[in-house]
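Treat the numbers as computed from the prediction; the structure is a model and nothing was measured. Per chain, numbering begins at 1; letters A, B, ... match sequence-line order.
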Protein chains: 2
Amino acid sequence: MDTTQRTDQQRSADRRRRELLEAADRVVLRDGPQASMNAIAAEAGITKPILYRHFGDKGGLYAALAKRHTDALLDSLRAALDAPADRRERVESTLATYLAAIEARPQVYRFLMHPAEGSTGGDHGFDVGKHSAPLLRRMGEELAQVIEERVDLGPESQQLARVWGHGIVGMMHAAGDWWLGERPCSRAELVRSLADLLWGRLAAAGDKVGGPGF
Amino acid sequence: MDTTQRTDQQRSADRRRRELLEAADRVVLRDGPQASMNAIAAEAGITKPILYRHFGDKGGLYAALAKRHTDALLDSLRAALDAPADRRERVESTLATYLAAIEARPQVYRFLMHPAEGSTGGDHGFDVGKHSAPLLRRMGEELAQVIEERVDLGPESQQLARVWGHGIVGMMHAAGDWWLGERPCSRAELVRSLADLLWGRLAAAGDKVGGPGF
DNA sequence: AGTGCGATGTTACTAGCGGTAACAAGAGTC
DNA sequence: GACTCTTGTTACCGCTAGTAACATCGCACT
């Protein structure tokens with residue numbers, strides 16, 4: 001039968017694909033997101049057309065690469081987010097997990113967030129339009145779902161949860177990006193400061209001397 | 001004297017530079033951030049080397065272009081941020097100003113946030129490393145300064161203000177990006193939801209039925 | 001055996017990019 | 001008139017993403 005044959009072939013192709021992805025990973029981690037297809041092919045010990053047969057174009061390869069890392073990060077975030085602890089604790093541990101991840105592998109992080117969008121060759125540049133940083137979107141949606149499941153927000157809870165999901169993820173991302181560049185404080189301090197912000201300390205704090213009119 | 005002469009020449013060069021920037025603006029707004037130097041030169045009615053004499057390389061041109069828009073946006077944000085009103089009002093009007101700006105000119109916004117980082121030609125690709133989105137950084141620092149000037153945060157206020165500045169800007173950015181893509185609600189609703197988040201509604205809300213253990 | 005077929009791999013190429021060198025021409029100064 | 005500075009050009013380099021055409025191995029089928 002050709003079913004078993006096709007299965008064998010497909011399995012072999014899948015293994016090859018994984019090997020190629022691992023090679024691409026090494027190159028991207030070494031050369032940054034602007035790693036060339038030639039360099040990736042060389043690292044894998046083959047030549048360009050094979051890469052194109054497997055992934056279509058550069059965008060396809062990058063999307064496959066990003067999906068792997070995104071899935072891994074989201075898994076660890078989910079674990080922190082769904083832990084049986086009180087809300088503040090869960091928020092802090094999620095923040096800490098994210099920050100630890102980007103601290104441990106900053107190149108992966110940069111690749112996921114700024115994946116070298118401007119493909120220059122020809123008109124076949126992969127459509128960057130909306131998919132600028134899929135990881136952020138996915139994290140936002142994920143968080144929104146958790147919020148909506150577990151927090152009582154009254155009517156319009158779904159919409160509010162989505163706004164908050166994307167907003168909180170953006171806060172975490174921007175603060176993490178800045179922190180990674182300047183390292184102005186420890187990770188624990190950053191986590192506490194952000195959690196304090198989410199816990200309404202901005203509203204609770206008083207005005208500074210000089211009055212609100214100035 | 002050659003002082004007046006040089007002044008004349010410089011003024012003429014500056015005018016030319018401004019014209020070139022406006023042409024580049026038109027092309028970037030039409031073709032997106034991956035607009036080619038050839039296209040920009042053609043739009044300006046000249047050829048490439050002139051662009052390179054004025055701006056050094058593509059990164060220089062993009063930086064000059066970004067600075068113009070960034071300055072303009074920051075000016076209007078500062079106005080909202082420094083208005084003589086109470087804190088919540090100021091926060092809401094700043095959020096509204098930002099969202100109105102990105103809604104009015106989404107292409108400008110995309111250019112500022114995702115400026116086609118991966119320059120492919122040669123090794124002279126402009127160093128994207130840390131300067132991924134200078135606008136976000138500048139906004140974060142600006143906001144941090146305002147917070148530190150006007151809000152009483154006790155000791156370590158400076159560091160806390162900077163974390164919050166970058167965090168809030170990131171929240172605004174991510175939520176705005178998502179909102180611009182999906183338009184799930186009106187601008188006013190988004191502003192209120194985000195302000196509610198900053199005002200601690202996440203901490204104040206109760207758990208949903210099912211208990212915190214689930 | 002031989003014959004086809006589908007995957008794997010190569011070399012050699014195109015078109016377009018960022019960036020530069022070399023050269024031509026106008027304008028003001030001595 | 002010669003000298004210099006700025007503005008502009010054409011023609012090129014090395015690189016990129018992506019493709020076409022050809023070679024080759026393994027396997028099934030008759």
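With C:dC17, D:dG18, D:dT10 as the choices, the nucleotide that has an atom nearest any side-chain atom of A:Lys48 turns out to be D:dG18. Of the candidates D:dG18, C:dT10, C:dG19, the closest approach to any side-chain atom of A:Ile50 belongs to C:dT10. Here the side chain of A:Met37 is nearest to one of C:dG19, C:dT10, D:dA17, namely D:dA17.
Separating the CZ atom of A:Arg16 from the P atom of D:dC25 is a distance of 16 Å, rounded to the nearest angstrom. Straight-line distance from the CZ atom of A:Arg53 to the C1' atom of D:dA23: 12 Å, rounded to whole Å. One interatomic measurement links the two molecules: NE2 of B:His54 to C1' of D:dG8, which rounds to 10 Å at whole-angstrom precision. In this structure, the CD1 atom of A:Ile40 is 11 Å from the P atom of D:dT16, given to the nearest Å. Regarding A:Tyr52, its OH atom lies at a distance of 18 Å from the P atom of D:dA21, rounded to whole Å. Note: CG (A:Asn38) to C1' (C:dC13) measures 13 Å, nearest angstrom. The CG-P distance, from A:Leu20 to C:dT8, rounds to 10 Å in whole Å. Across the protein-nucleic acid pair, A:Lys58 atom NZ and D:dT16 atom C1' stand 8 Å apart, rounded to whole Å.
Counting any heavy atom pair closer than 4.0 Å across all strands shown, B:Ser36 reaches sugar-phosphate atoms only and no base atom.
Using cut-offs of 30° and 60° on the angle between ring planes, the pair A:Phe111 and A:His69 is perpendicular.
Distances shorter than 4.0 Å separate some side-chain N or O of B:Thr47 from OP1 or OP2 on D:dT9.
Listed by chain and number, the residues in a side chain to side chain donor-acceptor pair (under 3.5 Å) with B:Lys67 are B:Asp71 (sequence neighbours excluded).
Residue pairs meeting the side-chain hydrogen bond (donor to acceptor under 3.5 Å, both in side chains) criterion with at least one partner in residues 91-101 of chain B, sequence neighbours excluded, are B:Arg88-B:Glu92.
Distance alone, capped at 3.5 Å, places no donor-acceptor pair between the A:Trp164 side chain and the A:Leu143 backbone.
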